[in-house]
Amino acid sequence: MGKQVLVIEDEPNIIEAISFILNRDGWSVATHANGETAAEAVLGQVPDVLILDVMLPGRSGFDILQELRGHEATQALPVLMLTARGQKKDRELADRLGVSRFMTKPFSNAEMLEAVRDLAGSPTS
Amino acid sequence: MVGFNALVLVCVAYVAILFGVAFGADKRAREGLPGTAWLRGPWVYTLSLSIYCTAWTFYGAVGYAARSGLEFVTIYLGPTLVLVGWWWVLRKLVRIGRAQRITSIADLISSRYGKSNLLGVIVTLLAVVGTTPYIALQLQSVTLSFSVFAADRQEGFELLDLNATALWIAAGLALFTILFGTRNLDANERHHGVVTAIAVEAVVKLLALLAVGIFVVWGVAGGPTEIARTIDASPISDWQMNGGRWASLTFLSAAAFLTLPRMFQVLVVENVDERQLATASWAFPLYLFLMSLFVVPIAVVGLDILPKGSNPDLFVLTVPLHFDQDGLAMLSFLGGFSSATSMVIVAAIALSTMVSNHIVMPIWLSLRSDGASMSGDVRYLLLISRRLSIGGVLLLGYLYYRYSGGGAALAAIGLISFSGVAQVLPALVGGIFWRGASRNGAAAGLIAGFAIWAYCLFLPSFGPEGVISDQIMAHGPWGLEWLRPQALFGIEGMDPLVHALFWSMVVNTSLFFIFSLVSFPNPLERLQGAQFVNVFEHSGATRGWTRGRAQAEDLMIMAQRIMGGGEAQALFEAEALAQGKESYLPDTTPGFIERLERELAGSVGGATAHAMVGQIVGGASVSVEDLMAVADETQQMLEYSSQLEVQSEELSRTARQLGEANKKLTQLSIQKDAFLSQISHELRTPMTSIRAFSEILRDGGMDEAAARKYSSIIHDEALRLTRLLDDLLDLSVLEAGHVTLHPQPDNLSDVLDRAVAATTSVGEGAGIEIRRNPVHEDIDIFTDTDRLAQVFINLIANAAKYCDADTPRLKIFVTKRAERLHVDFIDNGSGIPPESQAVIFEKFSRLSDQAKAGGAGLGLAICREIMDKLGGKVAYLPGQGGAAFRVTLPKAPLAAG
């Protein structure tokens, strides 16, 4: 069983793509599509890496990140943020909130995979 | 010789002609056909006043002259004095009637004294009690005139059942009145048909009386000189004038002219333009003069020629018959018939409005705990209640005729009726000229006057077998001599009519003044008082509501049920437009609520409208400013304050517009940012999937099924991108105004057909049932119908996507207005919450999650731009149950086709 990545994202096709890429590399993937209950889901079972979308139904990714950084269990959790809004101020805000990595959509699969490996090592070690 | 059947046939034909006239006039007035201005002109108005001359005047004046000499002139003198000398009183009444949308005399009194329904009920009861015998009198006169023809002939006329005749006449009149009197609910929409028919009847009765008169003077007596000699020789010339009675009767007829419910109906409610009073003020006295010109000659010749004991009330008929002038007798019969029917019709309309507005509606309102905000169409209920009231009034008249025994008891009824309704006079005149007049004063005066009139005049008219026995008449109740009905307080030897009139008016007026002076009027009363008394100074600027917790949508729902959907929506839309708002719902400013209340008052009366609005608005009905305005007693202060009011209203309107503009600018800048990041998001999301899966496919190594699946995801997302780009381009072209329209003649129904076909064929639209009315849709239009169809498709697709009912249904219906065309799309789902209604037309606004929506949220924004370019608009229509959109098309470009 590989290390766990939790993907919080609401677009079904993107979820499918990320899951495929990570599974192929040996990661174990869980997904969650609702912004409102996302923080609870993370705290319930803290993954090795969190991939977090910004525009989610119910609650924004920034809000979720801010909350997670306030909890001891997730204070240092590696978080890779993905956004389709390519604005500079979004990146700045994410940095301020303590994001580990910030990528804009569309991303290259290889880059995304590399970022996850950077944050959590190899999937099985 | 005229047979009975021929007589009935002539009657039926005459009524059919009146039906035609009323129907034609109604139709023409409603469609506003050119050349119909005279229908609302001063002549029809003047002639309609002739319902003052009932059968009692037509037949009875001659009888009156034969019995009491020139005294009959007083009946004509009163109205003449009012019109010639007091027409400014009438002008004020008419102005108040229009400003306050008064529906009846009961409504006037009720509205004036703080919209008190108690007063409305009192006046209504007074009017019903006073008018019922009068209606009976008309029925009697028509049946009597039938029997005159019967008596003159032997051929089986004895079979003629007078009661049945009266019943048939009453039923026929009820039918006519219901047909033409309750077509429009709003009394201010007026009954053009009825009024025109009455004007025709006015001409018929005048011609009839003049014809009989000319026949009598030149045909029988042999010229004016001869008739003068006959008059000198007759007992009429011995008649001595009784000063007290003369003055009382003149006063009485003048008062009745103002206060009779039917006169108020034609004088005030049916008045279209107060300038018509100027014509009526000389033309109607002239009419009365012509009506009275030949009364004495006919009476004298009748007394001279006919056998002793002939009923002088029927001389107008019997004199021509005596000389075998069948045609003339028939004309005269129709004159009397006209007099009777026109009075009954208008009286029934006036009384039914009162009964329905002041008795039925309030009872019904109080029976419903949720009051005005219940479900169901109040209009329907109102119409039913008016129709039943008309039937009820005529039934009462018939029963009175049937059981009063007719004959002698009825002869004096005209004047008794007059004295009854005259009791309203102090409250009426005091109410429009004296701001100190209060509700308590009006109620005390009315009740006392009503009671004295009933005790001294009305009840004794039933004779000793009726309510008041001989014992009481001679010695008073319980032997109290000073309470004798015809000698109150020991004043004896007075004429009974003068006696009753004197006491009732003295006590009525005194109590009215005393109670007004000692009681303190409530704020609404003072406010209404100021508006009635100073109607010429500040008409229109009426205020009554402070900003309560009024919910515009609730008010609209209520207004729709009373005024009908179209009218209510037009009113709200116009107000919203005046406030500079784009939606259909205006702010509930005090001014608007007041205006709405007045509109409703036109349908259900002032007191009821006030109660209904109060149930929704909830707030106090009079503001501090209003109280201050009332407290300013001097004219200048009032004028100044109304100027200030106008200014401050203007200021607050400007402020509101500025505020809206400012809000819009701020929103625009926020929206621009939001728009950019929205576009970025909408473009990048499908691109992310496309890139990710194309890289996965490039890497290879998956089975064929997975590969096919991933390719089709790429395909779908590419389509999504294309759609988005199409929408964006469409929108930017529309917004930049570079769009070229291709107007073409088409039929609205066909455009809708195409739109429905386009939506239901793609599958997702198939789940919704669409209801349409092809008859209403059959309208030729001239516009860019491809663009129009695009709007329709969007609205239908939205309904199919978002309607959350178990069995989703979409109603599409088309209404034609004067200047535009409405196409409404109303589904049966749960609708759009008020806070979201404002944003749905913005770009990228999707209320539900995007996976379900499938579009980028640009559809309604595009629709709005398209309709703007087509010169129409599309807006959310609140208060319809489900989600509802209204597409408005201007009519002007349609005509170009």
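Throughout, protein chains are lettered first and strands after them, A, B, ... in sequence-line order, and every chain is numbered starting at 1.
In terms of heavy-atom proximity, A:Ala17 sits nearest to B:Ala692 at CB-CB, 3.7 Å. Minimum heavy-atom separation, B:Thr688 to A:Lys105: OG1-CB, 3.0 Å. When all heavy atoms are compared, the tightest approach of B:Glu695 to A:Ala110 is OE1-N, 4.2 Å. Of all heavy-atom pairs between B:Arg691 and A:Pro106, the closest is NH1-O, 3.5 Å. Listed here is the closest heavy atom pair of A:Asn13 and B:Ser689: CB-OG, 3.4 Å.
The six-membered or imidazole ring of A:Phe20 lies near that of B:Tyr710, with a centre-to-centre distance under 6.0 Å.
Counting heavy-atom neighbours within 6.0 Å of A:Glu40 CD, excluding the residue itself, gives a total of 12 or less. Heavy atoms of other residues, nucleotides or ligands lying less than 6.0 angstrom from NE2 of A:His71 number more than 12.
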A:Arg24 vs B:Asp699, side-chain contact (heavy atoms from CB on, under 4.5 Å): CA-CA, chis, key distance, verdict: CA-CA 11 Å; A:Arg24 195 174 57 181; B:Asp699 296 343; 3.1 Å; yes
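In summary, A:Glu11 and B:Arg720 engage in a salt bridge, as defined by a charged side-chain N under 4.0 Å from a carboxylate O.
Interface check for chain A: of the options B:Ile696, B:Ile713, B:Leu683, the most heavy-atom pairs under 4.5 Å are formed by B:Ile696.
Considering CZ of B:Phe693 and CG of A:Asn109, their distance stands at 9.0 Å, rounded to 0.5 Å. Remark: B:Glu682 CD to A:Met55 CE distance equals 7.0 Å, nearest 0.5 Å. The OG1 atom of A:Thr83 sits 8.0 Å away from the CZ atom of B:Arg684 when rounded to the nearest 0.5 Å.
Between A:Glu16 and B:Lys709 there is a side-chain heavy-atom pair separated by less than 4.5 Å.
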